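Right, one structure below, let's go through it.
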Amino acid sequence: MRNREIAELFYEVADILEYQQVEWKPRAYRKAAQMIENLGEDIEKIYTKDGKSGLTKIPGIGESIANHIAEYLETGEVEKFEKLKEKAPSGATELMEIRGLGAKKIKNLSDALGVRTLSDLKNAIIAHRLKRLEGFGEKSEKNLARAIEQYEKSHARLALGKALPLADEVISALKAQCESRTSKIDLSKIICTGSLRRLKETIGDIDILAEAEKEEALKVMDCFVSLPDVEQVILKGSTKSSVILREGTAIDLRVVPPESYGAALQYFTGSKEHNIELRNVAIKNGYKLSEYGLYLKESGKQIAGNSEAEIYEKLGLAYIPPELRENRGEIKAAARNALPKLVEAGNLRGDLHMHTEYSEGKDSLKTMIEKAEAFGYEYIAVTDHSRSQKVANGLDVEKLKAQWKEIDKLSKIFRIKILKGSEVDILKDGSLDYPDEILKELDIVVGAVHSGFAFLERRMTERIVTALENKYLDILAHPSGRLLGKREAYAVNFEKVFEAAAANGRVMEINSQPSRLDLNDELILRAKTFGLKFCISSDSHAVSDLTSMRYGLGQARRGWLEKEDVVNTYSYSRLKQVFKKLNA
DNA sequence: GCCGTTTTCGGCCCGACTGTTTTCAGTCG
């Protein structure tokens with residue numbers, strides 16, 4: 001699967017072309033990159049099967065880009081791009097990352113001052129050479145200095161598991177401030193938008209929307225920029241303000257009047273690509289869509305804007321949930337009224353992956369069960385680590401049997417069904433980490449790779465396929481092994497993994513730990529095409545982790561999953577048909 | 001460079017904020 005690699009290449013080319021102030025091409029390359037990223041199919045496979053004509057069937061890819069892709073797949077590079085890169089100063093794409101700098105200014109800096117790299121820029125600022133330049137001044141020099149500082153401090157994206165609680169905090173603080181200053185603000189309308197509302201696995205910045213009449217808007221802005229955690233105010237206006245928090249996260253706040261609230265919510269939720277498509281739909285229907293509303297093109301009369309639902313409705317579309325708004329075909333599906341009915345939090349009836357004090361969990365078996373029952377779950381599986389996981393205090397056979405005894409005892413006290421499970425290591429040869437006579441006694445076997453991450457693709461694929469063919473394996477845990485921002489997914493052929501899983505009726509886990517979110521949305525989409533079922537699991541290591549399900553659920557929704565696709569939405573009696581050992 | 005219920009040529013989302021202008025260009029999302 002080289003989709004990501006090719007998309008990155010096109011993004012880079014788009015940046016260079018932008019720097020060279022070539023018109024429109026950057027947009028075309030970015031669009032192509034985005035389509036390839038979200039394809040859900042292996043582009044190399046498409047090319048092998050249907051050649052260039054297969055490639056041009058993908059929206060955004062025409063004759064020329066198809067040729068580039070073919071050349072890249074066959075030779076590992078594109079001659080034209082190599083020449084392009086030679087001509088562009090190597091630091092230009094990095095300079096594009098600095099807030100406040102775009103193609104024009106970078107060109108100007110390069111021509112007038114010979115600034116080609118980030119360190120050139122720093123030196124120019126220190127020597128105060130910028131302010132003498134046309135279009136720059138005292139202030140831009142200072143702002144650029146700060147922007148560089150921030151870029152160097154943190155240009156990494158924030159994990160969903162960090163961003164969501166942080167946004168909740170900021171929003172509550174903002175609500176409290178607003179409440180003390182004015183009674184005219186509808187506090188329930190202060191919510192997060194942007195990639196956070198779409199529950200993307202990582203977040204660039206936090207976007208917040210509020211509703212207020214014009215004369216109240218500035219008050220909301222005042223509250224916002226004076227929040228205690230704000231370190232720097234980037235900009236402040238009556239509809240838009242941006243700040244940076246002490247810990248480095250950027251937050252934008254938009255304030256709009258009630259008649260535009262729905263339009264603004266739609267617009268600022270994005271994604272950008274979804275919005276561009278949506279505006280095209282508007283144009284084709286004789287409308288104009290902006291963050292202020294949906295208007296008739298001719299008369300300029302507003303026909304929707306108050307609520308998000310109304311906007312989609314007036315455009316002839318079914319309401320599209322935020323998690324689907326990635327321009328992955330959701331607009332066409334909405335037009336045909338063929339959107340999936342996404343799985344919801346209320347559908348979840350159990351959690352099939354959690355740890356206790358027996359291995360590396362922080363809470364006791366009893367505490368975990370208590371809390372899970374309080375959640376209203378119908379069943380849980382206790383899945384401590386198997387014996388090879390020495391670092392995680394994996395259970396030997398004796399200790400596992402002791403846990404079974406305690407589960408039997410607790411089962412008499414609690415209403416919730418407690419399944420005897422294990423997160424069993426998939427060993428290097430693909431075998432499982434307990435003997436068969438133990439595996440067959442377990443209600444649920446969750447198989448996982450915890451070692452040998454550096455295996456070559458073929459060996460890793462064989463290893464996992466062997467495990468999937470083992471009749472005692474039920475669920476493949478965190479199938480890609482990635483750790484967000486820390487470790488890439490291991491090299492494995494997912495086509496073969498999904499094929500083997502489907503052939504043997506195995507379930508794919510969507511691990512909800514914020515650092516994992518594995519499978520991710522793209523792989524979920526691909527896995528679904530193999531007819532696979534999924535389970536959303538918390539992989540809790542403490543009772544406080546049980547709520548992490550919201551993150552995994554988000555990825556499931558981003559992967560277009562319905563209730564039916566997710567086995568832990570099933571009643572216990574139906575779950576028994578999925579995992580046959582439960583009948584024993 | 002892509003694409004077509006206006007088009008095979010001529011469009012390509014749209015508006016806010018800032019800093020530098022003295023009416024707007026550049027950048028951002």
Side-chain angles (χ1 to χ4, degrees), chain A residues 10 13-14 17-19 21-35 55-69 78 80-81 84 95-109 130-144 146-147 193-196 203-209 217 221 233-243 250-256 260 263-264 266-295 297 316 327 335:
Chain A
F10 287 165
V13 168
L17 290 169
E18 180 117 60
Y19 168 76
Q21 296 176 58
V22 177
E23 285 195 296
W24 307 117
K25 289 189 189 183
R27 173 187 298 243
Y29 277 107
R30 289 208 179 98
K31 168 129 200 213
Q34 197 234 337
M35 293 313 293
L55 296 176
T56 53
K57 286 205 183 74
I58 301 164
I61 296 179
E63 197 81 18
S64 167
I65 288 186
N67 281 327
H68 294 330
I69 295 172
V78 180
K80 192 174 156 185
F81 292 170
L84 196 65
L95 288 174
M96 301 275 286
E97 300 284 313
I98 306 297
R99 175 172 44 78
L101 281 187
K104 301 255 169 73
K105 285 190 179 170
I106 294 173
K107 185 83 191 330
N108 191 357
L109 285 170
L130 251 63
K131 62 180 174 190
R132 294 197 298 274
L133 214 56
E134 202 189 322
F136 292 85
E138 197 92 26
K139 254 196 147 150
S140 31
E141 211 169 72
K142 277 197 188 122
N143 286 342
L144 278 175
R146 291 208 78 155
T193 64
S195 48
L196 199 47
I203 307 296
D205 60 7
I206 293 175
D207 296 297
I208 300 174
L209 178 68
M221 291 305 186
V233 179
I234 303 289
L235 53 88
K236 182 179 171 228
S238 62
T239 67
K240 172 182 175 176
S241 296
S242 296
V243 303
I251 307 197
D252 287 354
L253 173 67
R254 320 276 177 148
V255 182
V256 296
S260 296
Q266 193 290 312
Y267 177 78
F268 293 121
T269 296
S271 65
K272 192 175 174 185
E273 292 75 15
H274 173 87
N275 285 352
I276 289 174
E277 280 307 302
L278 204 64
R279 286 189 173 184
N280 285 332
V281 174
I283 291 166
K284 274 177 202 152
N285 288 292
Y287 301 128
K288 190 185 72 135
L289 179 62
S290 78
E291 60 260 54
Y292 294 109
L294 184 65
Y295 303 89
K297 186 96 185 169
N327 197 24

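Just so it is clear, the structure is predicted and the values come from calculations on it, not from any experiment.
- The residue A/Lys57 sits apart from the nucleic acid: no heavy atom pair falls under 4.0 Å.
- Shown here are the side chain to side chain donor-acceptor pair (under 3.5 Å) partners of A/Glu141, two or more places apart in sequence or in another chain: A/His128.
- A/Thr269 is linked by a side chain to side chain donor-acceptor pair (under 3.5 Å) to A/Arg197, counting only residues two or more places apart in sequence or in another chain.
- The base of B/dG29 is paired with the side chain of A/Tyr267 by a donor and an acceptor separated by under 3.5 Å.
- Residue-to-nucleotide proximity on DNA chain B shows that, of A/His68 and A/Lys240, the 5′-proximal contact is made by A/His68.
- Minimum atom distance to the side chain of A/Ser238 is reached by B/dC17, of the listed B/dT20, B/dC2, B/dC17.
- One can place CG of A/Leu253 at 16 Å from C1' of B/dC28, the figure rounded to the nearest angstrom.
- The listed nucleotides are B/dG1, B/dC13, B/dT20; the one nearest the side chain of A/Ser64 is B/dG1.
- Not counting sequence neighbours, A/Tyr267 has no partner by the ring pair (Phe, Tyr, Trp, His ring centres under 6.0 Å) test.
- Candidate nucleotides B/dG19, B/dG15, B/dC13 were compared by shortest atom distance to the side chain of A/Ile276, and B/dC13 ranks first.
- Classification of the A/His68-A/Tyr29 ring pair by plane angle, with boundaries at 30° and 60°, yields parallel.
- Note on A/Lys25: a side-chain N or O is less than 4.0 Å away from OP1 or OP2 of B/dG1.
- A 3.5 Å limit on both hydrogen-bonding distances identifies B/dT18 as the Watson-Crick or G-U partner of B/dA25.
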Contacts under 3.5 Å, N or O only, protein and nucleotides 24-27 of chain B:
| unit_1 | atom_1 | unit_2 | atom_2 | d |
| --- | --- | --- | --- | --- |
| B/dT27 | OP1 | A/Gly102 | N | 2.8 |
| B/dT27 | OP1 | A/Gly102 | O | 3.1 |
| B/dT27 | OP1 | A/Lys105 | N | 2.9 |
| B/dT27 | OP2 | A/Lys104 | N | 3.4 |

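- Distance from the side chain of A/Asp252 is smallest for B/dG29 among the nucleotides B/dC2, B/dG29, B/dA16.
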N/O-N/O pairs, protein side and nucleotides 5-11 of chain B side, under 3.5 Å:
none

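- A salt bridge does not link A/Glu291 with A/Lys240: none of the charged nitrogens is closer than 4.0 Å to a carboxylate oxygen.
- Atom CZ in A/Arg254 sits roughly 10 Å away from atom P in B/dA16 (whole-Å rounding).
- The side chain of A/Tyr29 approaches B/dG1 more closely than any other nucleotide in the set B/dC14, B/dT20, B/dG1.
- Closest to the side chain of A/Ile65, from the set B/dC14, B/dT18, B/dC2, is B/dC2.
- Within 6.0 Å of CD in A/Glu63 there are 12 or fewer heavy atoms belonging to other residues, nucleotides or ligands.
- Using a 4.0 Å heavy-atom cutoff across all strands shown, A/Phe268 reaches no nucleic acid atom at all.
- Not a single side chain to side chain donor-acceptor pair (under 3.5 Å) links A/Lys80 to another residue, sequence neighbours left out.
- Toward the 5′ end of DNA chain B lies the nearest nucleotide of A/Lys297, the other residue of the pair A/Gly137 and A/Lys297 mapping further downstream.
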